[in-house]
Engineer: 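Quick one: this structure, given as structure tokens, is what I'll be asking you about.
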Number of protein chains: 2
Amino acid sequence: MEQVFNVLFEHIADKVPITERDKEVVMSFFRRKKLRKRQYLLQEGDVCKYISFVTEGLMRSYTVDEKGNEHINLFAWEGWWISDFAGFIFGNEAKLNIDAIEDTTVLLLSVENYEKMLTEVPLMERYFRVLYQNSLATKDSRLISAITHTAEEKYTMFLDTYPSIGQRLPQNLIASYLGLSPETISRIKKKITETNT
Amino acid sequence: MEQVFNVLFEHIADKVPITERDKEVVMSFFRRKKLRKRQYLLQEGDVCKYISFVTEGLMRSYTVDEKGNEHINLFAWEGWWISDFAGFIFGNEAKLNIDAIEDTTVLLLSVENYEKMLTEVPLMERYFRVLYQNSLATKDSRLISAITHTAEEKYTMFLDTYPSIGQRLPQNLIASYLGLSPETISRIKKKITETNT
DNA sequence: AGTATTTCCTGATTTAGGTCAAGCCCCTTC
DNA sequence: GAAGGGGCTTGACCTAAATCAGGAAATACT
């Protein structure tokens, strides 16, 4: 079995008991793709044909508002799915841009293969149900956090929640993810280190 | 078939082709419950044993922060599911409160029945996958909106998205849902009516 | 009908965080 | 090793929305 699929199958096995037989079938639906740092996987206005599973590297999805500001929607590193969901599901134009923050390898799953896979391998139906279910619970708390917490709380909570990824991200991207300005993050960092001494 | 189930089955049929036979089985897993206005379905700290489908009325889920402010997470009226998802799925203490804004009838589905139903009726596995998938897409756009838009944009977008429900909600609840103060909503309304004359 | 409780409005003041601007440091890349 | 471009910091200033406070409408309760 190809090396890159290990990450995917570990992720699946974590949620449902997948057999070697199923793995073979599942594999056949995916296509592998490599991306250089800064390379687009999807641009606003395109039709989003795939959902992608990151096996190596780091990606982001983001929107651009009228003033030209980028707002990061999601980071996806090893073991995460990324896509313009609304576009993928409902078939409309993508509102999101997706690009690589580091050199990245992804496994692409097209709409047709997604549907096919779900019917042919019922276990995968269950896998995605569980996956979505969990992300819903996560999204809920992010939303609450975005509405209720202060800038400082958002920042420290982000670092607590994703300690490993903090290192890999320039702080202006974290700012964009949290809906804060880079300057604010900078000031918060200063304040925190000052308090700790 | 009991009347209250109509709303549920319409909702299901909208996503997957459910048979009369399946309906019988599905029905058996639910329990019906009536709630008076202001009555709790779940309080913070309880174990969330159910997800609930609203067949009539209007409910909300909300958190309370350290300062005692309520932040509404979700409104659920006819045809919506409501629950403390994280709690229901992972079995930990509820962080959300859920109560009735109007007199409400819900159909309760316990964790055990949920799991049982999903295995016994594979079609329901698919239904929930599609349901979650769609809510994910919706949540995404609400999150982006919470981060990027101004108070006025959030308010008008809310009314555009849920025109029917605007009437049924006092505006302090809308404010709480949008993460704004009631005063701000009041001023926005004033501004809008002034502009329109 | 009359009281109580929400709900809503409006003004004055405060504040968190954004915006603008300038300079520095650290990588790349010729 | 110079030149350029990100990324980060810091200061001065600004603004959207929160908070505080008071009263007016509107609902609900007996």
Side-chain angles (χ1 to χ4, degrees), chain A residues 36-39 58 60 62 64-72 75 99-103 145-159 165-197, chain B residues 36-39 58 60 62 64-72 75 99-103 145-159 165-197:
Chain A
R36 294 231 192 90
K37 191 174 168 171
R38 297 186 160 269
Q39 188 180 339
L58 179 54
R60 63 165 179 166
Y62 64 97
V64 182
D65 67 23
E66 326 78 60
K67 289 170 216 141
N69 296 322
E70 294 178 0
H71 303 276
I72 294 178
F75 294 117
D99 66 10
I101 298 175
E102 303 172 355
D103 292 349
S145 158
I147 290 179
T148 69
H149 294 107
T150 64
E152 184 171 345
E153 288 165 343
K154 288 181 206 171
Y155 180 64
T156 54
M157 284 171 68
F158 176 81
L159 293 186
I165 215 65
Q167 327 296 329
R168 285 164 74 179
L169 288 170
Q171 78 190 35
N172 61 342
L173 294 189
I174 299 181
S176 164
Y177 178 83
L178 297 174
L180 302 170
S181 71
E183 291 95 329
T184 298
I185 298 279
S186 183
R187 285 184 249 265
I188 288 171
K189 275 174 67 176
K190 191 183 171 191
K191 196 186 148 199
I192 291 174
T193 51
E194 273 172 6
T195 322
N196 289 349
T197 44
Chain B
R36 294 232 192 89
K37 189 173 172 173
R38 297 185 162 268
Q39 188 179 343
L58 178 53
R60 63 165 179 165
Y62 64 97
V64 182
D65 66 22
E66 327 78 60
K67 288 168 218 143
N69 296 322
E70 294 178 0
H71 302 277
I72 294 178
F75 294 117
D99 66 10
I101 298 174
E102 303 171 356
D103 291 350
S145 158
I147 290 179
T148 70
H149 295 106
T150 64
E152 184 172 345
E153 287 164 344
K154 287 181 207 172
Y155 180 64
T156 53
M157 284 171 67
F158 177 81
L159 293 185
I165 215 66
Q167 328 297 329
R168 284 164 74 179
L169 289 169
Q171 76 192 33
N172 61 341
L173 294 188
I174 299 181
S176 164
Y177 178 83
L178 296 173
L180 302 170
S181 71
E183 291 96 330
T184 298
I185 299 279
S186 182
R187 284 183 250 266
I188 289 171
K189 275 175 69 178
K190 192 185 172 193
K191 197 186 148 196
I192 291 174
T193 51
E194 275 172 6
T195 323
N196 288 350
T197 42

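Sequence lines set the chain letters: A, B, ... in the order given, protein chains first and strands last, and positions in each chain run from 1.
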Engineer: Between the main-chain N or O of A/Lys37 and the side-chain N or O of A/Asp103, is there a donor-acceptor pair closer than 3.5 Å?
Structural biologist: yes
Engineer: Please compare B/Glu183 and B/Arg38 by the position of their nearest nucleotide in DNA chain C and report the one closer to 5'.
Structural biologist: B/Arg38
Engineer: Working to the nearest 0.5 angstrom, can you tell me the gap between A/Gln167 CD and A/Leu159 CG?
Structural biologist: 8.5 Å
Engineer: Does the side chain of B/Arg60 come within less than 4.5 Å of B/Phe75's, by heavy atoms?
Structural biologist: yes
Engineer: Over all heavy atoms of both residues, which pair between B/His71 and B/Asn69 is shortest? Give the atoms and the distance, please.
Structural biologist: CD2-O, 3.5 Å
Engineer: Less than 3.5 Å apart, which donor and acceptor atoms pair up between the side chains of residues 179-188 of chain B and the rest of the protein, not counting sequence neighbours?
Structural biologist:
{"from": "B/Ser181", "atom 1": "OG", "to": "B/Thr184", "atom 2": "N", "distance (Å)": "3.3"}
{"from": "B/Ser181", "atom 1": "OG", "to": "B/Thr184", "atom 2": "OG1", "distance (Å)": "2.9"}

Engineer: Identify the 5'-most and 3'-most nucleotides of DNA chain D with at least one atom closer than 4.0 Å to a non-hydrogen atom of chain A.
Structural biologist: D/dG7 to D/dA12
Engineer: Determine the contact category for B/Thr184: base if any of its heavy atoms lies under 4.0 Å from a base atom, sugar-phosphate if only primed atoms, P, OP1 or OP2 are that close, otherwise nothing.
Structural biologist: sugar-phosphate
Engineer: If you round to the nearest 0.5 Å, how far is CG of A/Leu58 from CZ of A/Arg168?
Structural biologist: 5.0 Å
Engineer: Tell me whether A/Ser176 contacts the main-chain N or O of A/Asn172 through its side chain, where contact means a donor paired with an acceptor under 3.5 Å.
Structural biologist: no
Engineer: Rounded to the nearest 0.5 Å, what separation is found between the NE2 atom of A/His149 and the CG atom of A/Leu178?
Structural biologist: 12.0 Å
Engineer: Output the residues of residues 173-182 of chain A in contact with DNA chain D, where contact means a heavy atom of the residue under 4.0 Å from an atom of the strand; sort by number or write none.
Structural biologist: none
Engineer: What are the two closest heavy atoms between B/Lys154 and B/Ala146, and how far apart are they?
Structural biologist: NZ-O, 3.4 Å
Engineer: Should A/Asp99 and A/Tyr62 count as side-chain neighbours, where that means a heavy-atom distance under 4.5 Å?
Structural biologist: yes
Engineer: Nearest 0.5 Å, please: how far is NZ in A/Lys189 from CD1 in A/Ile174?
Structural biologist: 8.0 Å
Engineer: So, taking the atom named CD1 in B/Ile72 and the one named CG in B/Leu173, what distance separates them when rounded to the nearest 0.5 Å?
Structural biologist: 4.5 Å
Engineer: Would you check if A/Ile192 and A/Glu152 make a side-chain contact, meaning some heavy-atom pair closer than 4.5 Å?
Structural biologist: yes
Engineer: Look up atom OH in B/Tyr177 and atom CD1 in B/Ile165, then write down how far apart they are to the nearest 0.5 Å.
Structural biologist: 11.0 Å
Engineer: Name the first nucleotide and the last nucleotide along DNA chain C (5' to 3') that come under 4.0 Å of a heavy atom in chain B.
Structural biologist: C/dT7 to C/dA12
Engineer: I need the residues from residues 165-172 of chain B with at least one non-hydrogen atom less than 4.0 Å from DNA chain C; give them sorted by number, or say none.
Structural biologist: B/Pro170, B/Gln171, B/Asn172
Engineer: Give me the atom names and distance for the closest heavy-atom approach of B/Thr156 to B/Glu153.
Structural biologist: OG1-O, 3.2 Å
Engineer: Between the two ends of the helix from C/dT10-D/dA21 to C/dC30-D/dG1, what is the bend in degrees, rounded to 10 degrees, where each end axis spans five pairs?
Structural biologist: 40°
